[in-house]
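Structure, as structure tokens:
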Number of protein chains: 2
Amino acid sequence: MKQITIKDVADAAGVSKATASRVLSGHPATSQEARKAVEAAAGRLGFRPNAQARSLRKTRTQTIGLLLPDVRNPFFGDLAHAVEQRARSFGYMTLFGNANENVAQQDEYIDVMLSQRVDGVIAAPQGDGGNLDQLLRSGVPVVFVDRVLDTMEVPSVSPDNSTGIHDAVKHLTARGHRRIGYIAGPQSTSTGRERLRSYKEALAATGADTDAELIFLGDFQAASGAEGARTLLDLPNPPTALLAADSLMSIGAVGVCNERGIAIGPDLAFVAHDDIDAFNLINPPLTVIAHDIDAMGRLAVDMLMSVIGGGSPASNTIPGRLIVRGSTPEFEKERQS
Amino acid sequence: MKQITIKDVADAAGVSKATASRVLSGHPATSQEARKAVEAAAGRLGFRPNAQARSLRKTRTQTIGLLLPDVRNPFFGDLAHAVEQRARSFGYMTLFGNANENVAQQDEYIDVMLSQRVDGVIAAPQGDGGNLDQLLRSGVPVVFVDRVLDTMEVPSVSPDNSTGIHDAVKHLTARGHRRIGYIAGPQSTSTGRERLRSYKEALAATGADTDAELIFLGDFQAASGAEGARTLLDLPNPPTALLAADSLMSIGAVGVCNERGIAIGPDLAFVAHDDIDAFNLINPPLTVIAHDIDAMGRLAVDMLMSVIGGGSPASNTIPGRLIVRGSTPEFEKERQS
DNA sequence: CATACTCATGGAATCGATTCCATGGAATCG
DNA sequence: CGATTCCATGGAATCGATTCCATGAGTATG
């Protein structure tokens, strides 16, 4: 199957390659007849310009790279969708790279994206160093999303990791909880660190118990959420409320509660992160700390477009909001052994 | 920031472009010294070959396209992940296209993929016609996944849409249900059609009620699942069990039950499709009809590689399996008004 | 009427890598 | 030792589109 080139179109239209190219890319210096002939020929032959050849000549590929930990995580799935749709509206394709929570794979994808000469990259970075340095030094426009590396000066869109957690802790203490367990994210990520700090600040501010044993360090994966729930519930003096730092760990933790016959709500208050569909299906539905993921994705693309255009946009924060649902009812003292 | 080309590497190594290229692409006819010099120069300069230029000369791009309805659907999220990981192991990048349940966007992405000269496409097609025809006529290797278009001869990997549903209906009737409502998928998709047919066959085989009013036609989206649940539960003689044809509609339907205070399990038996995390969190966890999504994704890639290599693999079916959980307990007759 | 100017056009150069082909030196064989 | 083969190498062509530049036709201006 021979591919049709612009030469074929030009021949069919009786003009030169140059004229054909001008017509097809909307250059003003073209005559009525040339336009008609070329467009007709292109349509008839089903001409599809070779993107490789075009990108080689221009230095733009109309493609951005999106580097995420894992699309199976609903948070990043939604983010991927938002970014892709927004990029599309600017005429850009999105090249996804699933780092798969793995620095080596992230490096590999950075390599591919640089080879592909993407016009920009939106990344939720893991670990600093490796090819991430090269990416930044390469001069390719980069915007960080969800996570930040403070070793690197890069415009970013991150969730507000403070307000939501403060509100959640305030809410829980107002409902009578003093022992609030926390399943934290990895301290190698800014999101993990900031949320843990906010939790500690909030405990101090509200006067709730601050035992170090109430904190479990997870890795943003479901399995570690499950482990965290087990560890915290097995404490001699277990928490009466749990707060988890992301959706996957929340899923793991809720699973453990179900296994053990612990009724979320009456037996144990629970606050999850991210307002994903599933949390609304659980009975009672979960109280969550939510961020507008769509806005985050859109904003990241807008900022990247600005950087590509030569601007240097300021970093942004997406506000976090506590959505109170059935999983955090009034705490009944008498239930405490 | 000037990009480093192979010319720069060649100059730095004191050889010609041709030799540099041979060394870097592992051509056998190279001397020890040339190899050392070129590799050192390439490393020192941080040379990254321009994928556009390479693809232009070779006719391979080492890229496949993946055309899906929506990555936010956990089923397709998992599928995307499986495909991407498998493709990576073959040294291929995956270019995602989110058709967003929208034929126009699908067409747009097919266009881009053809322009990008992807080496092959894995697609869960929606609607026949449009650019899908052009894609197939273009000679680019294509494999269908999840869905099939019977107007087109294309190797495919599809779920077994019969066994699981038959088992589910058998299971429900064995537990005493006679009125089994069905929230069907769109009849424009093979998956939607086949599952509905299986449901009807299974009803006939088990002697359960076959009223047409027990069937609601949805569109594989959460909202239509909710609408389906409302419609079916509002029947004068409502079903005692519900079966939904995909995960999103299941989510919608479960949401309606929660809203109305209908206890899944005791009040209404429920069988969902796809074994996604969320269904295990619901209390009681949902009985589901599951397919091995990972296997589906891997097989699709393997088949595409075969087509690219000139083979014509036979189509495959991934077995469906009923996983019985708490949402389908024994039906208690006395509950029926 | 001559000069300047606009404007569509085609030829040729270009982007960066791969690959064909010719060349020259070393190794091998009778 | 001469003829043949082998092999690393560099020059040049190539992939398909865009774009610079020169050209010539047509129009406006003094």
Side-chain angles (χ1 to χ4, degrees), chain A residues 1-39 41-42 45-63 111-112 114-119 138 140, chain B residues 1-39 41-42 45-63 111-112 114-119 138 140:
Chain A
M1 196 79 175
K2 200 193 145 290
Q3 287 287 355
I4 294 146
T5 73
I6 201 167
K7 180 80 168 45
D8 302 324
V9 174
D11 290 351
V15 298
S16 71
K17 278 181 5 176
T19 303
S21 170
R22 276 186 282 256
V23 168
L24 293 171
S25 51
H27 189 97
T30 50
S31 69
Q32 186 69 38
E33 311 105 82
R35 247 171 291 154
K36 270 217 322 235
V38 171
E39 271 156 16
L45 297 174
F47 171 65
R48 236 172 269 273
N50 182 319
Q52 264 76 38
R54 165 179 291 171
S55 310
L56 181 58
R57 184 63 235 255
K58 306 194 164 201
T59 29
R60 291 293 197 82
T61 52
Q62 296 296 320
T63 302
D111 219 63
V112 173
L114 286 174
S115 271
Q116 293 287 339
R117 302 292 192 265
V118 293
D119 293 339
S138 75
V140 173
Chain B
M1 197 80 176
K2 202 194 144 285
Q3 287 287 353
I4 293 145
T5 74
I6 201 168
K7 180 81 169 40
D8 302 322
V9 174
D11 289 350
V15 299
S16 71
K17 280 181 5 177
T19 302
S21 169
R22 275 186 283 255
V23 168
L24 293 171
S25 51
H27 189 98
T30 49
S31 69
Q32 185 70 37
E33 314 105 80
R35 247 171 291 154
K36 270 218 317 237
V38 171
E39 272 156 15
L45 297 174
F47 171 64
R48 238 172 266 274
N50 182 317
Q52 265 77 38
R54 165 178 290 170
S55 309
L56 181 58
R57 183 63 235 252
K58 307 191 162 202
T59 30
R60 292 291 198 85
T61 52
Q62 296 296 320
T63 301
D111 220 63
V112 172
L114 286 173
S115 271
Q116 292 288 340
R117 302 293 193 265
V118 293
D119 293 340
S138 73
V140 173

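The structure presented is a predicted model; accordingly, all values stated were derived computationally and were not measured. Throughout, a chain's letter reflects where its sequence line sits, starting with A, and its residues are numbered from 1.
Across D:dA13, C:dC21, C:dT9, the shortest atom-to-atom separation from the side chain of B:R22 is found for C:dC21. Among C:dC15, C:dT18, D:dC15, the nucleotide with an atom closest to any side-chain atom of B:L56 is D:dC15.
For D:dG16, its base never sits under 3.5 Å from the side chain of B:R57 at any donor and acceptor pair. Not a single donor-acceptor contact under 3.5 angstrom links the side-chain atoms of B:R117 to the base of D:dG16. In this model, no side-chain donor or acceptor of B:R54 finds a partner on the base of C:dT18 within 3.5 Å.
With a 3.5 Å ceiling on both atom-pair distances, the Watson-Crick or G-U wobble partner of C:dG30 is D:dC1. In this structure, D:dA13 and C:dT18 make a Watson-Crick or G-U wobble pair, each of the two defining distances being under 3.5 angstrom.
Between A:S31 and C:dA8 there is no side-chain polar atom (N or O) within less than 4.0 angstrom of OP1 or OP2. OP1 or OP2 of C:dG10 lies within a sub-4.0 Å distance of a side-chain N or O belonging to A:T19. In this model, the phosphate group of C:dG16 is not approached by any side-chain N or O of B:T5 to a distance below 4.0 Å at OP1 or OP2.
Put simply, CD on B:Q52 is 16 Å from C1' on C:dT14, counting in whole angstrom units. The CD-P distance, from B:Q116 to D:dG16, rounds to 16 Å in whole Å. Distance A:N50 CG to D:dT18 P: 10 Å, rounded to the nearest Å. Rounded to whole angstrom, the span from the CZ atom of A:R60 across to the C1' atom of C:dG16 amounts to 19 Å. Atom pair A:K17:NZ and D:dT18:P shows a separation of 10 Å (rounding to whole Å applied). Straight-line distance from the CG atom of B:D8 to the P atom of C:dG16: 9 Å, rounded to whole Å. One atom, CG of B:L24, and another, P of C:dT18, lie 7 Å apart when rounded to the nearest Å. For B:Q32 and D:dA8, the CD to P distance is 11 Å, given to the nearest whole Å.
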query = Would A:N50 and B:S115 satisfy side-chain contact (heavy atoms from CB on, under 4.5 Å), going step by step from the backbone distance to the final call?
reply = CA-CA 5 Å; A:N50 182 319; B:S115 271; over 6 Å; no
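Formation of a donor-acceptor pair under 3.5 Å by the B:D8 side chain with backbone atoms of B:T5 is found in this model. For A:T19 (side chain) and A:V15 (main-chain N/O), no donor-acceptor pair under 3.5 Å exists by modelled atom type. A donor-acceptor pair is defined here as one N or O able to donate and one able to accept, closer than 3.5 Å; such a pair exists between the side chain of A:T61 and the backbone of A:R117. Looking only at distances, a side-chain donor or acceptor of A:D119 sits under 3.5 Å from a matching main-chain atom of A:Q62. The backbone N or O of B:S21 lies less than 3.5 Å from a partner atom in the side chain of B:S25, making a donor-acceptor pair.
When heavy atoms are screened at a 4.0 angstrom cut-off, A:S21 is found touching base atoms of the nucleic acid. Residue B:A34 is in sugar-phosphate contact alone, with no base atom involved, counting any heavy-atom pair closer than 4.0 Å across all strands shown.
Along DNA chain C, the nucleotide nearest to A:T30 and the one nearest to B:S25 differ in position, and the one closer to the 5' end is contacted by A:T30. Nearest-nucleotide assignment on DNA chain D puts the 5′-proximal partner with B:G14, out of B:G14 and A:I4.
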